[in-house]
Amino acid sequence: MGFTDTRFNVNLSILFTELPLLERPAAARAAGFTAVELWWPWVDAAVPEQSELDALRAALEDAGTRLVGLNFYAGQLPGPDRGALSVPGAESEKFRANVPVAVEFGRSLGCTTFNALYGNRVEGVEPAEQDALALENLAFAARAVAEVDGTLLIEALNAPESPKCPIVSAPKAIEVVDAVNAATGLDNARFLMDLYHLSMNGEDLDEVIDTHTAKTAHVQIADNPGRGAPGTGSLDFTALLGRLKKNGYDGWIGLEYKPGEAPSASAFAWLPAPLRPAA
């Protein structure tokens with residue numbers, strides 16, 4: 001594979017999970033990577049103790065890894081949840097409480113890109129009510145992110161694995177991006193293009209890239225089928241990432257795949273070591 005001018009980062013919430021959270025940045029660095037991203041690490045605490053935030057910050061800094069992406073609180077992830085911001089009641093309140101905490105944590109590490117997962121449909125609640133709540137919370141997050149000159153990401157998941165989530169196509173995610181930007185006037189909401197999820201949906205990846213790269217601020221990859229490393233499935237990442245670059249994308253490519261049965265450090269054979277550090 002090529003990728004000589006591609007910037008990769010490792011998602012420490014799906015890779016190196018055989019290790020405690022605070023050991024993962026050093027493990028990623030030992031594998032040759034200098035940039036990482038995270039789902040919100042404390043699934044039971046939208047607002048964790050300051051000591052926990054400080055410990056993770058120190059682990060990232062001591063390892064020499066740069067945090068380039070962070071999810072807002074999204075409920076039990078991994079697990080049954082697919083976000084919190086569209087879920088009325090306690091989950092929505094946790095999301096709003098988390099926003100300033102996550103933004104400040106990211107800012108302290110130079111990270112200004114934040115992913116806001118939408119959430120599942122809830123029985124007994126009208127979809128229109130959930131969508132109105134979601135837009136209100138996304139606008140709230142976009143305004144908070146704007147204070148650090150940041151970007152709010154909207155991600156499309158896949159329908160087979162997330163049947164209760166309404167954001168399961170690139171066009172639907174773009175619709176939400178546009179609605180948030182219209183509501184705030186800030187133009188800081190963008191698409192998170194996860195090629196694995198879009199492939200699982202059966203979407204035409206070439207068409208998605210050609211149509212939506214201009215509104216894309218982050219890309220994530222895993223092969224399909226299996227959500228494994230590139231080369232374990234049927235996706236042609238040389239062509240796909242080349243197409244992204246041709247369409248003007250020069251941002252991060254997040255490695256968000258399952259390492260398989262072997263330790264995560266062995267899941268990067270497809271990417272030569274000299275290409276792993278961020279430029």
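All heavy atoms count here, side chains included; hydrogens, waters and symmetry mates do not. We count residues from 1, following the sequence as given. These figures come from a predicted structure and were not determined experimentally.
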Please tabulate, for the side chains in residues 145-160, all donor-acceptor contacts under 3.5 angstrom to protein atoms that are two or more places apart in sequence or on a different chain.
| unit_1 | atom_1 | unit_2 | atom_2 | d |
| --- | --- | --- | --- | --- |
| E155 | OE1 | N115 | ND2 | 3.0 |
| N158 | OD1 | E161 | N | 2.9 |
| N158 | ND2 | E161 | OE1 | 2.7 |
| N158 | ND2 | H197 | ND1 | 2.8 |

Open item on the list: For the backbone of Y73 and the side chain of N98, can you confirm whether one donor and one acceptor N or O come within less than 3.5 Å of each other?
Closed with: yes
Open item on the list: Taking G254's backbone N and O only, do any of them form a donor-acceptor pair with Q220's side chain (distance below 3.5 Å, no angle check)?
Closed with: no
Open item on the list: Quick check against the 3.5 Å criterion: does E203 have a side-chain atom that pairs as donor or acceptor with the backbone of V208?
Closed with: no
Task: Distance under 6.0 Å and angle within 45° of ring axis: R276 vs F268 - done: no
Task: Where A170 and L198 come nearest, the two heavy atoms and their spacing - done: N-CD2, 3.9 Å
Open item on the list: So N247 and D210, do their side chains get closer than 4.5 Å, heavy atoms only?
Closed with: yes
Open item on the list: When you compare the side chain of Y257 with that of L255, does any pair of heavy atoms fall below 4.5 Å?
Closed with: yes
TODO: State, with a plain yes or no, whether a side-chain heavy atom of F72 is found less than 4.5 Å away from one of V103.
DONE: yes
Open item on the list: Is it the case that the side chain of D194 and the backbone of I221 share a donor-acceptor pair, with hydrogens and angles ignored and the cut-off at 3.5 Å?
Closed with: no
Open item on the list: When you compare the side chain of Q76 with that of D44, does any pair of heavy atoms fall below 4.5 Å?
Closed with: yes
- [ ] Please examine the side chains of N9 and R66, heavy atoms only from C-beta on, and report whether any two atoms are closer than 4.5 Å.
- [x] no
- [ ] Determine yes or no for a side-chain-to-main-chain donor-acceptor pair under 3.5 angstrom, with N11 supplying the side chain and E256 the backbone.
- [x] no
TODO: Over all heavy atoms of both residues, which pair between S264 and L15 is shortest? Give the atoms and the distance, please.
DONE: OG-C, 3.7 Å
TODO: Examine distances only and state if a side-chain atom of R190 and a backbone atom of H218 form a donor-acceptor pair shorter than 3.5 Å.
DONE: no
Task: Residue list, side-chain contact (heavy atoms from CB on, under 4.5 Å) with L135, at least two apart or on another chain - done: A179, V180, A183
